[in-house]
Protein chains: 2
Amino acid sequence: MTSAQPATAKGRETRERIIRAAASLVAERGVLGTSLDDVRARAHASKSQLYHYFADRDDLMRAVARAASDDVVGGQAGLFERLDTIDGLRAWAQALVTLQHTRNAKGGCPIGSLAGQLAEQDEGARLELADGLDRWETAIRQGLERMAARGELHPGADPSALAQNTLAAVQGGLLLTQVRRDPNQLRSALNGAMKAILAARAVS
Amino acid sequence: MTSAQPATAKGRETRERIIRAAASLVAERGVLGTSLDDVRARAHASKSQLYHYFADRDDLMRAVARAASDDVVGGQAGLFERLDTIDGLRAWAQALVTLQHTRNAKGGCPIGSLAGQLAEQDEGARLELADGLDRWETAIRQGLERMAARGELHPGADPSALAQNTLAAVQGGLLLTQVRRDPNQLRSALNGAMKAILAARAVS
DNA sequence: AGCGGACTGGACTGGCCGGTCCAGTGTGTG
DNA sequence: CACACACTGGACCGGCCAGTCCAGTCCGCT
């Protein structure tokens, strides 16, 4: 059974409120550190509302995984448009690093954190997270492909591989940032990824 | 209060057995998915033994984090010795990829997984994991430094930055591998890191 | 042998947690 | 306006879980 889709505006709002409450609690305390009573309290909802909109706890967590994917990828939408220039890539990388500074290097990447907690426990959640990573990597790849189409990368360059390595650098850099409480870990990892992209530029 | 150090050989063995049982359960079910009763059963120990050797649940999990660090870093000791040659680096990278194949791309990196579950909850555990990552990165850096000392890297090369980026590639690659259930994600990320090292070789 | 501390077994407790249930109240439609 | 159904409140239950407690047993040492 999957989550019941609300039939009214009010229902949709309640469902959203539950997911947002659950997502914020999960970000603070982790998946298993979040009880349905906690969610119920923060969402100002009752137990039966939770079970009206979600089949069970796992179903709710799947919705949280999807919401986290949407937030992370959606939050970068404006920056994604400019990933077809070196300046745009730098601006995007800088935004990620700045965000880690404002967060005091805490929390890491919501997708990455959830991956460690859900990937081995719930196949549906794993697929939601994989979808988020795919959308993220696609945005990077498409930026590089637009550069290639304009002849700004040399013919042998592989936008797919560069995008995949860049995403790996983001995730790895964020993990090191989180464990070491040092945003420079992400900056350095992104510098490395940037170098690979710069090396793929066409000699003009 | 920290864990009581056993005074006898028998005590040391019991303590070890508990940590191993806890570590394997945590690897299977996650930190909060593992109850002390589970640990007690798998370790063939009693509740009072758990509380004799560990102050509380968090203290045990800190010991698990340390054991995971030791296992991951210790398990690569033989490969670390040869990180001062391109062949040695390739062998090390290949071993990591092969391990993911044999594990069917499941589980990710024990240190990385625990990071997502413990880093924000328990400062002591975070420090144990940071220590594991430091030892790992140091091994890579020292290999590159030996290459540099032999004049095989060009003078501008930065072994510290290369080692840090390589570790980020490993962690990011493992996360992508785990979420996508595809060991090639790690292989590709390591290829990227390798390229950066190859580009830093002295022109001979 | 016998002392003291390290070590062990396992019953017990109070609280929390996922999930159920039912008696309602709102609300859009015919 | 009335009917059906979406939605809501909250009491309740059985099970699990971290942590406590005490009555022991083992073991090194003198």
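Scope of the values below: all heavy atoms of this structure, side chains included, with no hydrogens, waters or symmetry mates. Quick caveat, the model's predicted, so the values are computed rather than measured. First the proteins, then the strands, lettered A, B, ... as listed; each starts at 1.
In this structure A/Arg82 satisfies the salt bridge (charged side-chain N to carboxylate O under 4.0 Å, His left out) test with no other residue, sequence neighbours excluded. Qualifying side chain to side chain contact (heavy atoms under 4.5 Å, CB included) partners for A/Thr8, counting only residues two or more places apart in sequence or in other chains: A/Lys10. By the side chain to side chain donor-acceptor pair (under 3.5 Å) test, B/Gln142 is found to be paired with no residue, residues two or more places apart in sequence or in another chain being considered. Here B/Asn191 pairs with nothing under the side chain to side chain donor-acceptor pair (under 3.5 Å) rule; sequence neighbours left out. Residues satisfying the salt bridge (charged side-chain N to carboxylate O under 4.0 Å, His left out) criterion with A/Asp84, sequence neighbours excluded, are A/Arg146, A/Arg150.
Applying the side chain to side chain donor-acceptor pair (under 3.5 Å) test to every pair with at least one member in residues 167-179 of chain A, sequence neighbours left out, gives these pairs: A/Gln178-B/Glu120. Among residues at least two apart or in separate chains, side chain to side chain donor-acceptor pair (under 3.5 Å) pairs with a member in residues 98-111 of chain A are A/Gln94-A/Thr98.
At whole-Å resolution of the value, CZ in B/Phe54 and P in D/dA18 are 15 Å apart. One interatomic measurement links the two molecules: CG of A/Leu50 to P of D/dC7, which rounds to 14 Å at whole-angstrom precision. One can place CD of A/Gln5 at 17 Å from C1' of D/dC5, the figure rounded to the nearest angstrom. With rounding to whole Å, B/His52 atom NE2 is found 16 Å from D/dT20 atom C1'.
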Would you tabulate the side-chain donor-acceptor contacts of residues 162-169 of chain A under 3.5 Å, counting partners in other chains and residues two or more places apart, or write 'none'?
{"from": "A/Gln164", "atom 1": "OE1", "to": "B/Ser188", "atom 2": "OG", "distance (Å)": "3.0"}
{"from": "A/Gln164", "atom 1": "NE2", "to": "B/Gln185", "atom 2": "O", "distance (Å)": "3.2"}
{"from": "A/Gln164", "atom 1": "NE2", "to": "B/Gln185", "atom 2": "OE1", "distance (Å)": "2.7"}
{"from": "A/Asn165", "atom 1": "OD1", "to": "B/Ser188", "atom 2": "OG", "distance (Å)": "3.2"}
{"from": "A/Thr166", "atom 1": "OG1", "to": "A/Leu162", "atom 2": "O", "distance (Å)": "2.7"}

Below 3.5 Å, can you tabulate the donor-acceptor pairs from side chains in residues 111-119 of chain A to any protein atom, sequence neighbours excluded?
{"from": "A/Ser113", "atom 1": "OG", "to": "A/Gly107", "atom 2": "O", "distance (Å)": "3.1"}
{"from": "A/Ser113", "atom 1": "OG", "to": "A/Cys109", "atom 2": "O", "distance (Å)": "3.2"}
{"from": "A/Gln117", "atom 1": "OE1", "to": "A/Val31", "atom 2": "N", "distance (Å)": "2.7"}
{"from": "A/Gln117", "atom 1": "NE2", "to": "A/Ser113", "atom 2": "O", "distance (Å)": "3.2"}

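One end of the helix from C/dA1-D/dT30 to C/dG30-D/dC1 points its axis 20° away from the other end's axis, with each axis taken from 5 pairs and the angle rounded to 10°.
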| said: Output one letter per nucleotide in nucleotides 16-27 of chain C: B when a protein non-hydrogen atom lies under 4.0 Å from the base, S when only the sugar-phosphate is that close, - when neither is. | reply: -SBBBB----SS
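For the segment residues 17-28 of chain B, no residue has any heavy atom less than 4.0 angstrom from an atom of DNA chain D.
Classification of B/Glu145 and B/Arg141 as a salt-bridged pair holds, one side-chain N sitting under 4.0 Å from a carboxylate O. Salt bridge absent: B/Asp38 and B/Arg42 never bring a charged side-chain N and a carboxylate O closer than 4.0 Å.
Contact annotation: B/Thr14 does not reach the phosphate of C/dC7 (side-chain N/O to OP1 or OP2, under 4.0 Å). Distances shown here put a side-chain N or O of B/Gln49 below 4.0 Å from the OP1 or OP2 atom of C/dT8.
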